Amino acid sequence: MSWLRRNPLFVIIVAIPVLVAVIYYGLVASDVYVSESRFLVRSTQVRAPDAALGALLQGSILPRTQEDAYAVHDYILSRDALKAVDDKLAVRRAYSDHKADFFDRFPGIAWWDESFEAFHIYWQKRVSVDFDPTSSISVLRVRAFDPADAQRINDTLLHLAERLVNELNERTRADLISFAAGEVKVGEERMKDAAAKLSVYRGKQSVYEPDRQASLQLQGVAKINEELLSTEAQIAQLRQLSPNNPQIPALVSKADTLRRGAAAESAKVTSGSGSFSSRAPDFERLALERTFAERQLATALAGLESARSEAQRKQLYLERLVLPNLPDQSVEPRRLRAIVTVLVLSLIAWGVASLLVASIREHAD
């Protein structure tokens with residue numbers, strides 16, 4: 001006691017803090033029960049690895065499973081999850097129970113601030129989610145003053161996480177089908193527009209398929225030319241054998257008629273603004289647009305069927321590996337370790353303070 005009287009610095013820095021720690025952790029601090037569960041967020045999507053790009057970006061891009069797991073973790077610690085749990089289990093009342101010690105319960109020493117934001121900060125100290133990137137397993141721990149409360153909160157958080165995963169699945173399905181249906185609608189509109197333009201062009205130009213019609217027209221011209229050649233050969237033969245034959249004028253008239261007919265039919269195909277050749281480019285452009293529209297519509301319909309098939313599969317799963325346990329013994333606070341920690345830190349602080357005081361006295365002397 002005499003030594004303590006001569007060393008008030010030790011009393012202030014070491015003895016009093018250690019005594020306070022012994023009293024608080026030995027008599028005052030409330031038991032805290034921890035309920036633990038383990039779950040796995042798994043995706044059914046399989047990605048084909050890119051050899052070159054994957055090797056370059058492997059260290060900078062998170063795998064899809066980790067992205068989904070982190071999204072679930074953020075939700076568990078979010079205000080939305082806290083509000084949902086509080087509405088269902090009244091966790092604010094459970095954590096504000098007067099049976100718990102004043103310093104550990106909510107709002108604790110900040111008694112003047114009982115806002116939702118303050119409770120959310122308190123909540124994040126009571127709930128933790130750890131992730132193992134090697135196994136992709138998440139560990140959810142909930143701390144409460146009652147073992148049943150810890151288990152119920154843990155189980156409710158898992159239910160909320162499963163609901164989030166299902167909502168993400170539904171949103172993904174809706175987005176897939178909505179986008180594919182939009183592409184089908186665009187394809188249908190383009191197909192209708194292209195077919196209407198082609199129909200209007202055919203009506204105005206009185207043409208159905210210029211190439212086929214021109215081919216038929218040229219076949220007719222070829223037949224006329226064959227008959228013209230035959231007639232001219234017959235005229236030449238008669239003039240040679242019988243120059244005064246009365247059939248010659250009739251054959252000459254027929255040949256002239258055939259020649260004019262061949263020229264007129266050929267003109268329908270190759271010359272003039274109304275010929276098939278002049279109408280073919282516009283027709284081919286419209287026909288090509290219709291073909292592209294048909295292919296686009298076919299691709300969009302195939303994409304819609306693929307999207308519907310993909311939507312039937314669940315994109316994400318939350319699998320419970322370990323159910324929330326009902327703790328039968330408190331694991332926090334770790335009383336002995338806390339007291340020893342206070343003792344060690346106090347001794348270190350006392351040693352530093354003693355050196356400073358000795359140095360000051362030495363300089364003063």
Side-chain angles (χ1 to χ4, degrees), residues 1-36 59 70 73-74 76-79 82 91-134 138-147 149-150 153 327 329-365:
M1 293 298 294
S2 60
W3 184 86
L4 291 177
R5 292 191 191 96
R6 294 193 304 270
N7 295 275
L9 194 64
F10 180 85
V11 175
I12 296 172
I13 298 179
V14 178
I16 293 178
V18 171
L19 179 61
V20 171
V22 170
I23 294 174
Y24 176 73
Y25 288 108
L27 302 176
V28 178
S30 301
D31 291 335
V32 176
Y33 298 88
V34 180
S35 177
E36 181 179 297
Y70 288 142
H73 298 172
D74 288 342
I76 289 175
L77 299 176
S78 68
R79 294 170 178 82
L82 173 57
V91 292
R92 181 189 289 258
R93 187 172 62 234
Y95 284 115
S96 303
D97 191 352
H98 290 283
K99 294 180 181 179
D101 69 87
F102 176 77
F103 298 97
D104 208 17
R105 67 172 180 257
F106 177 79
I109 57 176
W111 53 267
W112 63 89
D113 187 5
E114 297 186 5
S115 64
F116 182 80
E117 289 298 324
F119 185 55
H120 179 248
I121 296 173
Y122 179 87
W123 168 261
Q124 291 181 321
K125 298 176 182 178
R126 294 294 165 179
V127 177
S128 64
V129 186
D130 298 323
F131 180 73
D132 184 3
T134 304
S138 301
V139 181
L140 173 61
R141 295 184 178 91
V142 177
R143 297 164 179 82
F145 303 118
D146 183 83
D149 288 341
I153 294 172
Q329 184 178 1
S330 63
V331 296
E332 295 180 3
R334 298 181 179 179
R335 305 176 190 276
L336 181 61
R337 189 175 72 173
I339 295 172
V340 172
T341 301
V342 172
L343 175 62
V344 172
L345 293 178
S346 299
L347 289 174
I348 294 174
W350 173 67
V352 173
S354 299
L355 291 175
L356 290 175
V357 170
S359 177
I360 293 172
R361 288 176 178 175
E362 183 178 352
H363 282 288
D365 294 340

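Fair warning: this is a prediction, and the values are worked out from it, not measured in the lab.
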Could you go through the side chain to side chain donor-acceptor pair (under 3.5 Å) check for Tyr24 and Asp101 one step at a time?
-> CA-CA 9 Å; Tyr24 176 73; Asp101 69 87; 3.1 Å; yes
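- Remark: Arg143 CZ to Lys125 NZ distance equals 12.5 Å, nearest 0.5 Å.
- No side-chain heavy atom of Pro327 sits less than 4.5 Å from a side-chain heavy atom of Val34.
- Using a 4.5 Å cut-off on side-chain heavy atoms (C-beta onward), Asp97 and Arg105 make no contact.
- Looking at Ile153 and Ser35, their side chains never come closer than 4.5 Å, going by heavy atoms from C-beta outward.
- Here the side chains of Phe116 and Arg92 are in contact, with some heavy-atom distance below 4.5 Å.
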Give the C-alpha distance, both sets of side-chain angles, the deciding distance and a yes or no for side-chain contact (heavy atoms from CB on, under 4.5 Å) between Trp350 and Val11.
-> CA-CA 9 Å; Trp350 173 67; Val11 175; over 6 Å; no
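- Annotation: the span from Thr341 atom OG1 to Leu336 atom CG amounts to 9.0 Å, rounded to 0.5 Å.
- Salt-bridge annotation for Asp104 and Arg126: present, with a side-chain N of the basic residue lying under 4.0 Å from a carboxylate O of the acidic one.
- Residues satisfying the ring pair (Phe, Tyr, Trp, His ring centres under 6.0 Å) criterion with Phe119, sequence neighbours excluded, are Phe106.
- Within a 6.0 Å sphere centred on CD of Gln329, heavy atoms belonging to other residues, nucleotides or ligands number 12 at most.
- Separating the CD1 atom in Ile76 from the OG atom in Ser128 is a distance of 10.0 Å, to the nearest 0.5 Å.
- A heavy-atom distance below 4.5 Å is not found between the side chains of Asp74 and Val129.
- Residues Pro107 and Asp113 are not in side-chain contact: their nearest non-hydrogen atoms beyond the backbone lie 4.5 Å or more apart.
- For the atom pair CD1 of Ile339 and CD1 of Ile23, the computed distance is 10.5 Å after rounding to the nearest 0.5 Å.
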For Leu82 and Val127, run side-chain contact (heavy atoms from CB on, under 4.5 Å): C-alpha distance rounded to whole Å, both residues' side-chain angles, the deciding distance at 0.1 Å, then the answer.
-> CA-CA 10 Å; Leu82 173 57; Val127 177; over 6 Å; no
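- A donor-acceptor pair under 3.5 Å is absent between the side-chain atoms of Ser359 and the main chain of Leu355, judged by distance alone.
- Separation of atoms CZ (Phe131) and CG (Leu140) is listed at 14.0 Å; rounding is to 0.5 Å.
- A salt bridge links Asp130 with Arg141; the closest basic N to acidic carboxylate O contact falls under 4.0 Å.
- The pair Asp31-Arg335 meets the salt-bridge criterion, with a side-chain N (NZ, NE, NH1 or NH2) lying under 4.0 Å from an Asp/Glu carboxylate O.
- Residues Val342 and Val20 are not in side-chain contact: their nearest non-hydrogen atoms beyond the backbone lie 4.5 Å or more apart.
- Closest approach of Asp149 to Ala94, counting heavy atoms only: OD2-CB, 3.8 Å.
- Glu332 contributes atom CD, which lies 12.5 Å from atom OG of Ser30 (distance to the nearest 0.5 angstrom).
- His120 contributes a side-chain N or O that, together with a main-chain N or O of Leu77, makes up a donor-acceptor pair within less than 3.5 Å.
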